[in-house]
Each structure stands twice: as C-alpha cells, then as structure tokens.
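Heads up, the thing below is written out as structure tokens.
Both ligands and their constituent atoms are indexed starting at 1 by order of listing. Here the structure is a predicted model, which is why all the values come from computation and not from measurement. Note: hydrogens, waters and symmetry copies are ignored here, and every other heavy atom, side chains too, is used.
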Amino acid sequence: MTIIDTTQAETSMQQENRYTSGVYGKRPVTIVRGEGATLWDAEGRAYIDCAAGHGVANIGHGRPEIAAALSAQAQRLVTCPEIFYNDTRARLLERLSQVTPAGIEHFFLCNSGTEAVEGAFKFARLVTGRTQIIATLRGFHGRSMGALSATWEPHYREPFAPLLPDVTHIRYNNLEAAETAISEQTAAVIIELVQGEGGVHSATPEYVAGLARLCHERGVLLIVDEVQTGFGRTGRLFACEHYDLQPDILCMAKSLAGGVPMGAIGLGPRVMESGRVGRGAHGSTFGGNPLACAAALATLDILERESLPTSAARLGAYALGRLRGMRSPLVREVRGLGLLIGIELKRRAQPYLEQLCERGILALPAGPNVIRLLPPLVISEHQLEQVLDTLEEVLE
Ligand SMILES: CC(=O)N[C@@H](CCCNCc1c(COP(=O)(O)O)cnc(C)c1O)C(=O)O
C-alpha cells in the first residue's frame, strides 16, 4: 500500500482546504483506504471505523464484489435515464420489491437521502391533495429546502427561512401530540423509527402502532425515513420489521448501494392505487442509473449472504450490554438498536470523540452530548471488543 509521508498528507489537507466550500468541520485525518471495518490514513495509521461514512458502509469498505459489479457495469453502460428501460435497473426494482416491507412494490430511484425525502413529500401532496407535513422534534431528514423544512435542528434550518410553509414539528413518541396536530390539511407524517442524528432515540411500539392507525383513519400518509436505519443497521433489514409496520412511503439511501450514492422511495398501495402519481410528477437525471443499480444488487446479495442484519442484532446487543454495564460517571444513558448505538454523556461529546480518534477509533456525534457508534456490520468481535475497551478507558 502506498503510504504518503507526512508532508504529502499535509499537502492534501492544505490542497483540500484551499479549494473546499468551508461548510465541513474536518478532522485532521486524511483517509486513503478502507477494508472491512478498518480505515487507513495517509500516514498508514489504522482506525476501527465506527462512522461508516455516516452509516453508509454497512457492508464494509473495499468490497471486491462491489468493485467487480461496478467494473462490469461500467464497461457496459454507466448512465441510462429512466426515459429508457434498463436490464440492471429492472432486476434491482424486482429485488427491492422482494426485500422491502410488505406492500411496498413500486419505487422512485434517486441519488441521496434528502432526495428520497423531497420526493416523498411531493408524492404525499399529490396523493392526498393536502399540503401539511408533520415531523418530529429531533428528527433529521436532509439538508435540501423541502427535507430541511422537516429537519428539526434550528441552527440547520433557520438561516434558510422561509422554508416550506406548513411543516409542523411535534414531540416524538407522543401520540396525543400527533392526534392534536393531524388535521384535514395534513398530507403526511414523517418519522425515523430510530432518530439517528437527533441522538439515537427509538420509537416505542405503542407509538408506532398508534401513529399508523391514526394516519390510516385520518387519510394521512405515514412516511418512514429509513435512510439511516435501513439495510441491516438496526438488526433487521428494515427497522419497520421490528414494528411489523407497513409504511405508505419508505425513504431509503445511505447503504443501499454499498457506498455508491443512491436513494429510493418505496411506494405502498395507498400511493399507487390513488392513481394520482402520473407522468411528469417527478424526475431525476441520475435516478435509476445502471451503475448505482449494479452496486445495489451486489450490496443486497452481500447483506443476505453474510446475514449482516443478524450480525448487527447480535453484536449490537452485546455492545449495549457491555456499555450499560460500564460504571462511568460521565455516562447518562446508553441507547440503541442493532449497531446504531448512542452513548449520552453528562457533558459535550467532542473532546471524547477526539480522544477516541487519537486511540484509533473513528466515531460520530449525535447532537452535542452523544457519542454515536455506526460501525460497518462486518465489524469483527475482536474489533468491537477493542472499541468497547477503548471507550471504557476514555470514559472512566
Ligand atoms: C457533517 C455532515 O455533512 N453531516 C451530514 C450527515 C447526514 C447524515 N444523515 C442523513 C440523513 C438524511 C439525508 O441523507 P443524505 O442527503 O445526506 O444522503 C435523511 N434522513 C436521515 C434519517 C438521515 O440520517 C449532514 O449533516 O447532512
């Protein structure tokens, strides 16, 4: 492996700083290679990856199956808009209908999570003829103007006001709040079954069942945003399976195509039988491109062949048990589902994330006080032990 020396690494950082937009707070690490749950920086230092590219690399880094699928497809056809049929896309659409929650049998393919949410809002307005979107406090749904309107974090949202006019935020896990907020103007309610960016908070089964019933009774669509929880992250292929939930619209992205940018909007019968999603209602140049579809097919194969959702359930339960057994005075609560884990501290998480990085563990925040662990689902037991041991040292 070519290791570039420190000066070259500094040159990369200087070069990126010279030309980047400036919107990202960047850690002083130049990541150049990954394999499984391990990343290497430009100086050859190895890290155990508990960020997975913001929850994208569920199948791990450097997968030869993905490289092979991309190479084979790229040599045939990289791009093909959906104004033409495509064989690889057709296979993926069928495969998605087989693995998504019952009832989700039609898909709009796009290129990111925020695009999946934008399209979901458009479809909900079309189908119901209503305009209001109800979202939850601490929810995160993306940074583009429509999705951003539903994202809770005020400092993300407020600089860009006015956003969508009729978006209401209600308390999460509070059915009365939903009952009060839902009106004849409500097109849809959007929720994450585990709030990822918002601090790793899981919906209760009662809340989800009650909300689904309420939406159905009031002619409102239930949009489940599984951009972060999807594709094995929570210990099932979709978090909906933990709740036996059939959403009206399912937003997917992140690990769908093994790291290749891709999003998808799963559409249930209340959408497709409305007859209101017609020609010209939405579109995308890159949506459904053969390259991303090839990567997605290879990703779904790996998830299934290696039983990665089951691994996430087993490893996540072990990690939660050990973390909850930690007697750290710094920890307020340990939360999570599968390998979507949040450690809420009694103080800011940033200094501890930096200490973890210095010790070779890359983790994420989820709000100011939460350390979030989002490792690839292929993380080994030994690597997970190392992560937990290091956390115990850092948080003692
Ligand atoms: C530092 C940085 O860029 N963070 C990203 C991290 C985003 C991670 N989550 C994306 C996400 C999105 C948006 O997905 P995308 O557009 O980033 O692909 C939608 N829904 C849920 C539940 C999600 O978790 C951000 O703040 O936009």
Side-chain angles (χ1 to χ4, degrees), residues 16 20-27 29 31 50-58 108-121 133 135-160 167 169 172 188-203 223-231 233-234 238-240 247 249-266 284 286-287 292 295-296 336-342 349-350 353 362-368 370 372-374:
E16 191 164 325
T20 189
S21 64
V23 306
Y24 292 106
K26 295 175 187 277
R27 303 186 192 180
V29 179
I31 302 293
C50 289
H54 287 310
V56 167
N58 287 12
F108 181 90
L109 299 176
C110 53
N111 312 285
S112 66
T114 207
E115 280 186 56
V117 172
E118 294 287 350
F121 290 171
I133 300 291
T136 57
L137 272 62
R138 294 190 309 233
F140 185 99
H141 301 291
R143 301 291 203 120
S144 50
M145 301 299 257
L148 179 62
S149 307
T151 292
W152 165 247
E153 191 48 66
H155 80 261
Y156 289 160
R157 223 171 351 105
E158 284 164 2
F160 304 101
V167 175
H169 288 93
Y172 189 66
V189 176
I190 184 168
I191 59 163
E192 298 159 87
L193 295 171
V194 182
Q195 294 184 318
E197 305 302 316
V200 189
H201 296 275
S202 297
I223 302 172
V224 175
D225 181 343
E226 291 228 35
V227 167
Q228 184 160 156
T229 56
F231 301 102
R233 175 58 56 192
T234 68
F238 291 97
C240 285
I249 297 179
L250 179 66
C251 297
M252 298 165 271
K254 285 192 190 286
S255 48
L256 166 56
V260 170
M262 187 174 201
I265 310 170
S284 165
F286 294 106
L337 190 58
L339 284 174
L340 172 44
I341 293 171
Q350 192 52 36
L353 288 167
L362 300 180
L364 292 170
V370 176
R372 182 172 30 149
L373 303 178
L374 279 181

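A donor-acceptor contact shorter than 3.5 Å links the side chain of N58 to the backbone of F231. Of the possible donor and acceptor atoms, one in the side chain of Y172 sits under 3.5 Å from a partner among the backbone N and O of E192. Looking only at distances, a side-chain donor or acceptor of T151 sits under 3.5 Å from a matching main-chain atom of G142.
When heavy-atom distances to ligand 1 are checked against a 4.0 Å cut-off, E115 has no atom that comes that close, whether in backbone or side chain.
Of the N and O atoms on the side chains of Q195 and T136, at least one donor lies less than 3.5 Å from an acceptor on the other residue.
Judged by the shortest distance from any of its heavy atoms, Q195 lies outside the 4.0 Å radius around the atoms of ligand 1.
The distance from ligand 1 to the heavy atoms of T114 drops below 4.0 Å at these ligand atoms: 13 (C), 14 (O), 15 (P), 16 (O). Atoms of ligand 1 found under 4.0 Å from any heavy atom of E192 (numbered from 1 in listed order, with element): 22 (C). Residue G142 approaches ligand 1 through these ligand atoms, each under 4.0 Å from one of its heavy atoms: 13 (C), 19 (C). Which parts of ligand 1 touch V227 is read off a 4.0 Å heavy-atom cut-off, strictly below it: atoms 11 (C), 12 (C), 14 (O), 19 (C), 20 (N), 21 (C), 23 (C).
With respect to atom 20 (N) of ligand 1, the closest heavy atom belonging to the protein is D225 OD2, 2.7 Å. Remark: minimum distance from atom 18 (O) of ligand 1 to any protein heavy atom is reached at G113 N, 2.9 Å. Summary of contacts: the protein heavy atom closest to atom 27 (O) of ligand 1 is R143 NE, 3.0 Å.
When the options H141, H201, H169 are evaluated for a ring-ring contact (aromatic ring centres under 6.0 Å, His included) with W152, the one that passes is H169. Paired with E197 under the rule salt bridge (Lys or Arg N to Asp or Glu O under 4.0 Å), one option of R143, R372, R138 passes, and it is R372.
For atom 14 (O) of ligand 1, the protein comes within 4.0 Å by at least one heavy atom.
V227 is not listed as a side-chain neighbour of M252, based on a closest heavy-atom distance of 4.5 Å or more.
Any N or O atom pair closer than 3.5 Å counts here, and V117 shares no such pair with ligand 1. Considering backbone and side-chain N/O atoms, Y156 never comes within less than 3.5 Å of an N/O atom of ligand 1. Close N/O approach between Y24 and ligand 1 is not found [any backbone or side-chain N/O within under 3.5 Å].
The OG1 atom of T114 sits 7.0 Å away from atom CZ of F140, with the distance rounded to the nearest 0.5 Å. Summarising the geometry, atom CG belonging to L337 is positioned 9.0 Å from atom OG1 belonging to T229; distances are rounded to the nearest 0.5 Å.
Selection from M262, Q228, M252 by nearest heavy atom to atom 24 (O) of ligand 1 gives Q228. Closest heavy-atom approach to atom 8 (C) of ligand 1 within the set H54, K254, E153: this belongs to K254.
Ion pair K254/E226 not flagged as a salt bridge, since none of the NZ, NE, NH1 or NH2 atoms sits closer than 4.0 Å to an Asp/Glu carboxylate oxygen.
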